[in-house]
Every structure is written in C-alpha cells, then in structure tokens.
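As structure tokens, the structure follows; a few thoughts come after it.
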Amino acid sequence: MLTPQDEHWMRQAIAIARTKGDDPSCSPLGSIIVRDGKVLSAEPNQTQELPDATAHAEMMAIRRACEGVGDMELRGATLYSTLQPCGMCTMASIWSKVARVVYGAGRDDVHEMYFEDRHIDTLSFIADAYRDDIVIEGGCLREECAALYYGPDDDVPEEEQGNL
C-alpha cells in the first residue's frame, strides 16, 4: 500500500530525473533507494554520459547503494523509480534483495519505446521469481512521472526510439 512517505521519496526521484532536463529525449529517469528513512543512493539515468547501456537510473542507484553499505544485499530497502523498471533493472532488484520497488509511470502511461519490443511485462518476472518477499507497487505520482516521458500516442522520431 502506497503511503505519504512513498510520495515524498517519489518526488525526490522526480527531482533527480529532472536534472537530466525537461525534454523526454534526454531520458529523464530518476531512482532513489531508501532504508529506515535514510537515502542510500539517488541517481539519474546515465546511459549516454558513461556511455553504458546498463547505466539505467535503477542500476546506478543499486550500484551506489551497495557500494555505500559495503554489501550487495539491500534487504529492508525500497527502490523508487519514476518509470516501471525494465527487465534488467527488475532482475537487479531481485538480486540485490530490495524489499520493495515503487514506481511512478507504468508501461501503459508512456510510449511503447520505453519497454521491451515484445512487450514482456517485467512485473511477470517478479511474480515468477524465486523470491516471494519482494513487493512491487506502481502508480505512485503516476501523472507527474508520466509527464517526464513521451506519451503513448506521441509521434516520437524514429532515431529516438531505442527499443523499437
């Protein structure tokens, strides 16, 4: 169940995403990891800057949080993301053992280019995962998060459609 604290942390993730700019072409994704009311990491998408195809906001936040605590496990932590995590980020959430993933905009709220071409729903990964102690909750500040990205019916230039 989403709480006022979830909205607080999602607003922080939105602020992180906006450090990339206000244009959807800048890949303005933001992620923050919190445990016991303390921020363990807060990262934007960094795929172009590094360049690194795995440098999604969630992946970078998981890396930095693990480095910060000195452990690859983030038990008891919540990962906040402005966009429903992709398959890679979903699996990293499982492997890092975060307790919860809270995301803003879901796959139906944004252009199809943000998700796998075959439209595999990453939430199915969680449902079928070997871990049954991870909680996934979507729709936290959905409209504010969706406003960061191209909408479902936007005419996005083909050269910007990375997953299609």
Side-chain angles (χ1 to χ4, degrees), residues 1-71 74-94 96-115 122-123 126 134-152 154 156 160-163:
M1 175 176 11
L2 296 172
T3 69
Q5 279 301 103
D6 290 328
E7 289 187 8
H8 167 79
W9 295 118
M10 186 60 72
R11 288 190 197 293
Q12 299 292 322
I14 291 169
I16 293 160
R18 287 193 174 131
T19 65
K20 300 280 295 186
D22 291 329
D23 189 323
S25 67
C26 296
S27 297
L29 282 83
S31 185
I32 186 168
I33 298 179
V34 178
R35 181 165 59 194
D36 299 326
K38 179 183 174 196
V39 175
L40 301 181
S41 64
E43 298 287 332
N45 187 39
Q46 298 168 50
T47 54
Q48 295 298 319
E49 293 84 354
L50 288 181
D52 179 350
T54 68
H56 291 193
E58 300 93 336
M59 296 292 288
M60 296 304 294
I62 290 169
R63 286 177 189 150
R64 298 302 170 251
C66 290
E67 289 168 359
V69 301
D71 193 343
L74 300 171
R75 290 186 187 275
T78 299
L79 182 149
Y80 294 90
S81 179
T82 55
L83 185 61
Q84 180 180 331
C86 71
M88 174 181 66
C89 296
T90 299
M91 292 309 293
S93 299
I94 292 169
S96 65
K97 297 182 175 53
V98 297
R100 291 174 72 220
V101 175
V102 176
Y103 65 88
R107 64 186 307 119
D108 294 331
D109 302 316
V110 298
H111 194 275
E112 65 183 344
M113 69 177 233
Y114 293 107
F115 292 94
T122 58
L123 299 181
I126 298 295
I134 188 170
V135 175
I136 307 293
E137 297 185 85
C140 184
L141 301 180
R142 176 187 316 268
E143 290 178 15
E144 290 178 49
C145 290
L148 296 166
Y149 310 107
Y150 289 116
D154 286 350
V156 181
E160 290 185 32
Q161 296 186 32
N163 285 336

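Values in this document were obtained by computation on a predicted structure and should not be read as measured data.
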(message) As an exercise, state the distance from OH of Tyr149 to CG of Leu83, rounded to the nearest 0.5 Å.
(response) 5.0 Å
(message) Check whether Arg35 reaches the backbone of Arg75 with its side chain - one donor and one acceptor, N or O, closer than 3.5 Å.
(response) yes
(request) Find out whether Thr54 and Arg63 are in side-chain contact, i.e. whether some heavy atom of one side chain is under 4.5 Å from a heavy atom of the other. (result) yes
(request) Begin from the C-alpha positions of Gln12 and Val34 and carry the test side-chain contact (heavy atoms from CB on, under 4.5 Å) through to its verdict. (result) CA-CA 11 Å; Gln12 299 292 322; Val34 178; over 6 Å; no
(request) For Glu49, look at atom CD and say whether over 12 heavy atoms of other residues, nucleotides or ligands are found less than 6.0 Å away. (result) yes
(message) Within the 4.5 Å heavy-atom criterion, are Asp6 and Arg100 side-chain neighbours or not?
(response) yes
(request) Indicate yes or no: at least one non-hydrogen side-chain atom of Ile14 is less than 4.5 angstrom from one of Cys145. (result) yes
(message) Quick one, Leu74 and Cys66 - any side-chain contact, counting heavy atoms below 4.5 Å?
(response) yes
(request) Return the orientation label for the His111 and Tyr150 ring planes: parallel under 30°, perpendicular over 60°, tilted otherwise. (result) perpendicular
(message) Does any part of the side chain of Met59, heavy atoms only, come nearer than 4.5 Å to the side chain of Cys89, both counted from C-beta?
(response) yes
(message) Looking at every non-hydrogen atom in both residues, tell me the closest pair between Gly30 and Ile16 and how far apart they are.
(response) CA-CG2, 4.1 Å
(message) For a quick test of reading the model, state the closest non-hydrogen atom pair linking Lys20 to Pro28 and the distance between them.
(response) CB-CA, 3.9 Å
(message) I need the Leu29 CG to His56 NE2 distance, nearest 0.5 Å.
(response) 8.0 Å
(message) Quick check for you: to the nearest 0.5 Å, what is the distance between Arg11 atom CZ and Thr82 atom OG1?
(response) 13.5 Å
(message) How close do Ala53 and Thr47 get, counting heavy atoms only, and between which atoms?
(response) O-CG2, 4.0 Å
(request) Rounded to the nearest 0.5 Å, what's the gap from CG on Leu79 to OG1 on Thr90? Could you check? (result) 9.5 Å
(request) Measure the shortest side-chain to side-chain distance between Leu2 and Met10 over non-hydrogen atoms and say whether it is less than 4.5 angstrom. (result) no
(request) State, yes or no, whether a side-chain contact exists between Cys140 and Glu7 at a heavy-atom distance under 4.5 Å. (result) yes
(request) Could you tell me which non-hydrogen atom of Ala61 sits nearest to which non-hydrogen atom of Ser41, and how far apart they are? (result) O-OG, 2.6 Å
(request) Return the minimal non-hydrogen interatomic distance between Pro152 and Asp108, and the atom names on each side. (result) CG-O, 3.6 Å
(request) Measure the spacing between CD1 of Ile33 and OG of Ser96 and express it to the nearest 0.5 Å. (result) 6.5 Å
(message) Please report the interatomic distance CD(Gln84) to CG(Asp109), rounded to the nearest 0.5 Å.
(response) 9.0 Å
(request) For the residue pair Gln48 and Ser27, establish whether any side-chain heavy-atom pair is separated by less than 4.5 Å. (result) no
(message) Any side-chain to backbone donor/acceptor pair from Asp23 onto Ser25? Under 3.5 Å, distance only.
(response) yes
